[in-house]
Amino acid sequence: MSENESSASSNFIRKIIAGDLQQNLNEGRVHTRFPPEPNGYLHIGHAKSICLNFGLAKEYDGLCNLRFDDTNPEKEETEFVESIKQDVHWLGFDWQDREYYASDYFEQLYQFAVELIKKDKAYVDSLNADEIREYRGTLTQPGKESPHRNRSVDENLLMFKDMRAGKIEEGECVLRAKIDMSSPNINMRDPIIYRVRKAAHHRTGDSWCIYPMYDFTHCLSDAIESITHSVCTLEFEDHRALYDWVIDNLETPSRPRQYEFARLNLDYTVLSKRKLIELVKDKYVSGWDDPRMLTIAGIRRRGYTPAAIRDFCDRIGVTKSDTRIDMSVLENSLREDLDKSAPRVMAVLKPLKVVIENYPEDSEEELDAANHPQKPEMGTRKVPFSRTIFIEQDDFMEDAPKKFFRLAPGKEVRLRYAYFITCQEVIKDEQTGEIKELRCSYDPATRGGNAPDGRKVKGTLHWVSEKHALKSEVRLYDRLYTEANPEEGGRDSKEFLNPASIEILKDARVEPFLQNAKAEDRFQFERLGYFVADKEDWSPQSPVFNRAVTLRDTWGKLNKK
RNA sequence: UGGGGUGUAGCCAAGCUGGUUAAGGCACGGGGUUUUGAUCCCCGGAUUCCCAGGUUCGAGUCCUGGCACCCCAGCCA
């Protein structure tokens, strides 16, 4: 990670830590963890948590563990742990040898449960799922105690052992903490801490048929790993009482504390795991790494950089108010990063043929182009020029408004790094009226783009030589949804999928310099945006570029009005 | 009608124990530079901090009472 990245602004968690450090709590240690469940791919919301947790550890000279919260064998898969590890690394964070799994603690967790039973603070309940729900009460009515709540410690011990031994079927029994069925906090109404699941686990296989629940597992995993600050999202706020209850009622090796912050919401997308899984499973997108997805894998393939994502996470802040961030913040972080680093290059997305009539028929030449006009140290390259070139269709208008600086009949523009040309004639299809090509003249004295007589030209166009250009596929991406908040009001977000979220251009042309690009190389296509050689589909024989983000476009904005 | 949270410009977000002109970013508008209508550089915005009362010489910061929004009734995490 580069050192000059702006250090994140102050937030309430930093203040808590600073206060703890002042009181020398936890022997002055700061130890956090990032605890994903391996049941899907990581997304930009996880990036916020990753940056926070690893960032806190780094800032306070502490440690951050990677811990897989894998207590539900039915949803978790090895594929997901691999992708998660890859994504965290790609984002620029390292957990060194501290790669942990809640499933590694199953035996310890079991012993903790036994300890709770022995203290008469947990019991085996034989109510079925429906009954437990009924007994739980509602938001406004207290629950009722289970008839099995007062089983003896010995009986509970025996039954719990039977659960572990596989003698009890799924749904027959659960282990519950004995807390308070009338608590206004529903989490405290004798929460289930163990259930029977006769399912193979991605790591422990068939060695267990009972699995601990999140509320029991998470706090104890934190305690086992000596986590000092256990940072999670707001929906767990109500669970903190239970977190503390478990820790307080057991002899744990350490005393972690839970703090909650607001999860990330972004306009024009969804970030709930359920929704993302649905998009993938029902093939609304091409996969977890579809460039329209806000998964880490997706935005990576889209062309985002780890630095841009980290910068974004710094900018949005960490608070407890639930908010929606404007997409432009994310886009701006990428533009800012790529503006500094991406080599500039010319590409024509929707080609319009231009014949320069007074340019010698069989002649061609190479012009010098800067790889980054603001950074001479990035060098120059040669761009081939010839009598027939392509320009962007959008750069020509037959009836141009006054403010249109580009090419129009009789108008003169500059071809970047080449010559001034003037449009002499428009050739159209006689049937359809479609513009087929332009006949232009050039001024040989303007080679390189400057007129010796000092005459100015308003517009500069990018172009590509017909016979030298590489044919390329270019994929243009736009927001996945047409509504800023597609989930608002319990609506079905699928109704708002943007039908124009992807546009595939098969006839784009790029300058030959791009022949040597490699997958994931990023470029600025001048005047168009930042593009990346597709991670999966790029090859020198058939180049494929994805548009990561457009350039700011004040002309386009003006036009929309 | 229970509990837990949150409310500072269009969107985020600083604002320590109350004290001169309420940071900063994105977006937006205006101007300058420019062989990318990009970048870069200036300049602009809250008499006001959800509302209403109150305490105080003084409140976004304290008190009281409202209002709005979010989360919680999985043997998911």
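Each chain gets a letter, A, B and so on, in the order its sequence line appears, and its residues count up from 1. Just so you know, these numbers come straight off a predicted model, no measurement behind them.
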What is the base-pairing partner of B:rC67, counting Watson-Crick and G-U wobble geometry with both distances under 3.5 Å? B:rG7
pair_partner(B:rG2), Watson-Crick or wobble, both distances < 3.5 Å, evaluates to B:rC72
Using OP1 and OP2 only, check whether a side-chain N or O of A:R197 sits under 4.0 Å from B:rC76. yes
Go through the N and O atoms of the side chain of A:R406 and the base of B:rG37, and report whether any donor-acceptor pair is under 3.5 Å. yes
Quick one: is B:rG37 close enough that its OP1 or OP2 comes under 4.0 Å of any side-chain N or O from A:R527? yes
Using 0.5 Å steps for rounding, measure from the OG atom of A:S182 to the CE atom of A:M188. 11.0 Å
As a quick check of understanding, evaluate side chain to side chain contact (heavy atoms under 4.5 Å, CB included) for A:L514 and A:F531, giving each step before the final call. CA-CA 12 Å; A:L514 255 16; A:F531 291 74; over 6 Å; no
Do A:R164 and A:Y110 form a cation-pi contact, if we require the NZ or CZ to be under 6.0 Å from the six-membered ring centre and within 45 degrees of the ring's axis? yes
Would you say A:R136 reaches B:rG74's phosphate, i.e. side-chain N/O to OP1/OP2 under 4.0 Å? yes
Map A:V318 and A:V329 onto RNA chain B by nearest heavy atom, then report which one ends up closer to the 5' terminus. A:V318
C1' gap between B:rU1 and B:rC57, integer Å: 44 Å
When the C1' atoms of B:rG45 and B:rG24 are considered, how many whole Å apart are they? 15 Å
Which value, in whole Å, describes the distance between the C1' atoms of nucleotides B:rA68 and B:rC28? 27 Å
Check this one for me: any side-chain N or O of A:R195 less than 4.0 Å away from OP1 or OP2 of B:rA77? yes
Under 4.0 Å between a side-chain N or O of A:K15 and OP1 or OP2 of B:rG15? yes
Taking OP1 and OP2 of B:rG3, is either one under 4.0 Å from a side-chain nitrogen or oxygen of A:T140? no
With rounding to whole Å, what would you report as the distance between B:rG54 and B:rG60 at their P atoms? 15 Å
Could you classify B:rG74 for me, syn or anti, using a glycosidic angle within 90° of 0 as syn? syn
Can you tell if the side chain of A:M213 reaches within under 4.5 Å of the side chain of A:P191, non-hydrogen atoms only? no
In whole angstrom, give me the gap between the C1' atoms of B:rC62 and B:rU55. 8 Å
For B:rA13, does OP1 or OP2 lie under 4.0 Å from any side-chain N or O of A:S321? yes
Give me the atom names and distance for the closest heavy-atom approach of A:N332 to A:R315. ND2-NH1, 3.0 Å
Roughly how far apart, to the nearest Å, are B:rG30 and B:rA14 at atom P? 31 Å
How far does the P atom of B:rA59 sit from the matching atom of B:rC51, given to the nearest Å? 15 Å
Can you tell me, in whole Å, how much space there is between the P of B:rU64 and that of B:rC26? 40 Å
If you go through the side-chain atoms of A:D238, does one of them form a donor-acceptor pair with the base of B:rG3 closer than 3.5 Å? yes
Check for me: is A:Y214 stacked on B:rA77 by the 5.5 Å centroid and 30° plane-angle rule? no
Describe, in one word, how the ring planes of A:W208 and A:F106 are oriented to each other, choosing from parallel (under 30°), tilted (30 to 60°) and perpendicular (over 60°). perpendicular
Pairing partner of B:rU47, by Watson-Crick or G-U wobble and under 3.5 Å for both distances, is none
